[in-house]
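Everything on this sheet refers to the single structure shown next.
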Amino acid sequence: MEKQRSRRRFLRRTLPGTLGVSLLAGCSGSKGTDTTTSTDADSSKGTTTTSDSGSEDAGGGTRTVTDAAGRDVTVPASVERVVGLGPGALRFITYLGATDRVVGVERLETKNEKRPFRPYVLARPELQELPSVGSRKSPDPELLLERDPDLVVRAYASAKKADGLQNKLDTPVVSINPGDLNDALRPDFYDSLRLVGEVLNEKKRADELVSYTKETISDLNGRTAGVSNPPKTYVGYLGRGKHGLLYTQPEYPPFSFVGTNNVARDVTDGLKKKKGAPRVTIDAEQLIKWDPEYVFVDLGTESYDDLSKSEYESIAAVEEGNVFGVFPTRDYSINFGTALADAYAVGTACFPDQFGDIDPAKKADAIYERFVGEPVYDEAAAAYGNGFGRMNGGQ
């Protein structure tokens, strides 16, 4: 890799004005010759690799992977310096225990940005001290070059966008689609986790986390498999920001995992489908008509005043005090560990008999340890101002 880095250093010194131009061929995704190929049959993307024993890289060669955009990308055999760009990229690097190799972060990951409450940041606060490589929508090629990465992992990048950045940096860019934990998008999560594991040489860790996720979902499903009349549930305030009580998700994974009757499950009009399972804003009259028995508050927003409005007093959940807090499943894409932890919190609230052995806070810590390496339930509860359990008076 030293020769590759020396070339990039030379380009930075001598060509400061040419970052918008395709630089050298370098690591631009072309395959080497005299290659051997192996394929992991359990995953559809990111598993075909090629090694080139004749490479001049000090790390012992290169490999070629197929990324989520369908591109064949040649990556170093050993990645020592990495940057994650886009919703979920740094999260996946953290899941794979490779934060010690991260050399730069997007501005929203730094300590100067508001509300850095994502579990991977709570577990690895040192990430906030790393140099910024620009905004989440417009990473700065010059700042990226200063960090001299061996590899860039970019979430939700089209082939055109990934190729464009790769050519500007003369550094391999691997595109991933983080997906979600709902049925339709869960394969994307597994594929992307395995792909990042492949390029970072953390394949065993990726496979272990995929297996752990499957086992956890199976445990959740099994606990309520015999329940014939599950309670009606609703989740509001979904996602970080200023969304209100009426912002919800028809395919909310924590409800699906434990088999509650999500009152919004059949909503199809007005869905926002960008990045992850679709969300939607409903009418107040519709929520009142649904009359859920349990309401869950996604704690990623700033105020929960809607819960105190008189028009919602007749809703069974509000009337009976069955309004519970859960952590945000969405914060710069999907918090996968949080979605599983929330499911146990939902289960203990709605199915006390089936989840009588579960302390949701302790279970969340166990899940966070597997995903981000640290038990951060208390830190998350402090950051959001609430933890699992009943909300007090709509606050």
Next item on the list: State yes or no: are the ring centers of Phe117 and Tyr384 separated by less than 6.0 Å?
Entry: yes
Next item on the list: Using the side chain to side chain donor-acceptor pair (under 3.5 Å) rule, pick out the option among Asn182, Asp188, Asp183 that qualifies with Arg186.
Entry: Asp183
Next item on the list: Kindly determine whether Cys350 and Phe255 satisfy side-chain contact (heavy atoms from CB on, under 4.5 Å), including the steps that lead there.
Entry: CA-CA 10 Å; Cys350 297; Phe255 290 169; over 6 Å; no
Next item on the list: Mind listing the closest non-hydrogen atom pair of Val174 and Val73 along with its distance?
Entry: CG2-CG1, 4.1 Å
Note to self: Using ring centroids (six-membered ring only for Trp), state whether Tyr344 and Phe388 fall under 6.0 Å.
What the structure shows: no
Notebook entry, point to check: So do the side chains of Leu96 and Leu193 get within less than 4.5 Å of each other, counting heavy atoms only?
Noted result: yes
Checklist line | salt bridge (charged side-chain N to carboxylate O under 4.0 Å, His left out) assessment of Glu109 paired with Arg136 | finding: CA-CA 9 Å; Glu109 308 284 11; Arg136 64 191 180 101; over 6 Å; no
Notebook entry, point to check: What class does the angle between the rings of Phe371 and Tyr95 fall in, given that below 30° is parallel, 30 to 60° is tilted and above 60° is perpendicular?
Noted result: perpendicular
Notebook entry, point to check: For the residue pair Tyr377 and Ala361, what are the closest heavy atoms and their distance?
Noted result: CE2-CB, 3.5 Å
Note to self: Using side-chain contact (heavy atoms from CB on, under 4.5 Å), reason through Arg101 and Leu151 one step at a time and then give a plain yes or no.
What the structure shows: CA-CA 10 Å; Arg101 290 181 256 173; Leu151 174 76; over 6 Å; no
Check: Quick one: does Arg154's side chain get under 4.5 Å of Lys161's, heavy atoms only?
Finding: yes
Next item on the list: Return yes if some donor-acceptor pair links the side-chain N/O of Tyr234 with the main-chain N/O of Leu245 below 3.5 Å, else return no.
Entry: yes
Notebook entry, point to check: Got Leu340 and Ile217 here, is their nearest side-chain heavy-atom distance under 4.5 Å?
Noted result: yes
Notebook entry, point to check: Just how far is it from atom OG1 of Thr94 to atom CZ of Arg118, taken to the nearest 0.5 Å?
Noted result: 10.5 Å
Margin query: Determine whether a donor-acceptor pair (N or O, by modelled atom type, separation under 3.5 Å) exists between the side chain of Thr64 and the backbone of Asp72.
Written below: no
Checklist line | Side-chain touch Pro230/Thr224, heavy atoms, less than 4.5 angstrom | finding: no
Item checked: pair Leu169-Pro141: side-chain heavy atoms closer than 4.5 Å -> yes
Next item on the list: Provide the closest heavy-atom pair for Gly88 versus Pro178 in the form atom of the first, atom of the second, distance.
Entry: CA-CG, 4.4 Å
Checklist line | hydrophobic_cluster_shared for Tyr156 and Leu90, side chain cutoff 4.5 Å | finding: no
Note to self: Determine whether a donor-acceptor pair (N or O, by modelled atom type, separation under 3.5 Å) exists between the side chain of Glu106 and the backbone of Gly86.
What the structure shows: yes
Note to self: So Thr338 and Pro119, do their side chains get closer than 4.5 Å, heavy atoms only?
What the structure shows: yes
Notebook entry, point to check: What's the verdict on side-chain contact (heavy atoms from CB on, under 4.5 Å) for Tyr237 and Leu307, showing C-alpha distance, side-chain angles and the deciding distance?
Noted result: CA-CA 10 Å; Tyr237 297 97; Leu307 284 170; 4.0 Å; yes
Check: Can you tell me how far OG of Ser256 sits from CD of Gln249, rounded to the nearest 0.5 angstrom?
Finding: 8.5 Å
Item checked: Note: Asp207-Lys204 ion pair, threshold 4.0 Å (strictly below) -> no
Margin query: Can you give me the closest heavy-atom contact between Pro250 and Val267, atom names plus distance?
Written below: CG-O, 3.9 Å
Notebook entry, point to check: Hey, are the side chains of Asn201 and Val79 touching, using non-hydrogen atoms and a 4.5 Å cut-off?
Noted result: no
Item checked: N/O donor-acceptor pair under 3.5 Å between Gln166 side chain and Val173 backbone -> yes
Item checked: Where Ile176 and Val153 come nearest, the two heavy atoms and their spacing -> CD1-CG1, 3.9 Å
Note to self: I'd like to know whether Asn386 forms a side-chain contact (heavy atoms from CB on, under 4.5 Å) with Val297, so could you lay out the CA-CA distance, the side-chain angles of the two residues, the decisive distance to 0.1 Å, and finally the verdict.
What the structure shows: CA-CA 10 Å; Asn386 282 284; Val297 173; over 6 Å; no
Check: Can you check whether Val235's main-chain N or O pairs, donor with acceptor, with Thr248's side chain at less than 3.5 Å?
Finding: yes
Note to self: In the structure I gave you, are the side-chain heavy atoms of Asp342 and Tyr252 within less than 4.5 Å of one another anywhere?
What the structure shows: yes
Note to self: Applying a strict under-4.5 Å side-chain criterion to I, L, V, M, F, W and Y, I'd like to know whether Tyr190 and Leu185 cluster together.
What the structure shows: no
Check: Is the ring centre of Phe336 less than 6.0 Å from the ring centre of Tyr120?
Finding: no
Notebook entry, point to check: Quick one: does NZ or CZ of Arg223 land under 6.0 Å from the six-membered ring centre of Phe355, within 45 degrees of the ring axis?
Noted result: yes
Side-chain donor-acceptor pairs under 3.5 Å in residues 284-295, sequence neighbours left out?
residue: Asp291; atom: OD1; partner: Ala316; partner atom: N; Å: 2.7
residue: Glu293; atom: OE2; partner: Lys232; partner atom: N; Å: 2.9

Next item on the list: Please test Lys160 against Asp163 for salt bridge (charged side-chain N to carboxylate O under 4.0 Å, His left out), starting from the C-alpha separation and ending with a verdict.
Entry: CA-CA 5 Å; Lys160 180 178 180 180; Asp163 282 338; over 6 Å; no
Next item on the list: Answer with yes or no whether the hydrophobic clustering places Ile334 together with Leu299; edges join I, L, V, M, F, W, Y residues whose side-chain heavy atoms lie under 4.5 Å apart.
Entry: yes
Next item on the list: Kindly compute the distance separating CG (Leu145) from OG1 (Thr171), expressed to the nearest 0.5 Å.
Entry: 6.5 Å
Notebook entry, point to check: If you round to the nearest 0.5 Å, how far is CG of Asn262 from OG1 of Thr233?
Noted result: 5.0 Å
Notebook entry, point to check: Backbone N or O of Gly236 within a donor-acceptor pair of the Asp298 side chain at under 3.5 Å?
Noted result: no
Check: Side chains of Arg330 and Asn335: donor-acceptor distance under 3.5 Å anywhere?
Finding: no
Next item on the list: Work out which heavy atom in Arg81 is nearest to a heavy atom in Arg147; give both atom names and the distance.
Entry: NH2-O, 2.6 Å
Margin query: So, taking the atom named CZ in Arg370 and the one named CD1 in Ile367, what distance separates them when rounded to the nearest 0.5 Å?
Written below: 10.0 Å
Notebook entry, point to check: Does the Ser218 side chain pair with the main chain of Lys214, one donor and one acceptor, at a distance under 3.5 Å?
Noted result: no
Notebook entry, point to check: Which distance, rounded to the nearest 0.5 Å, do you find between the CG of Asp140 and the OG of Ser132?
Noted result: 8.5 Å
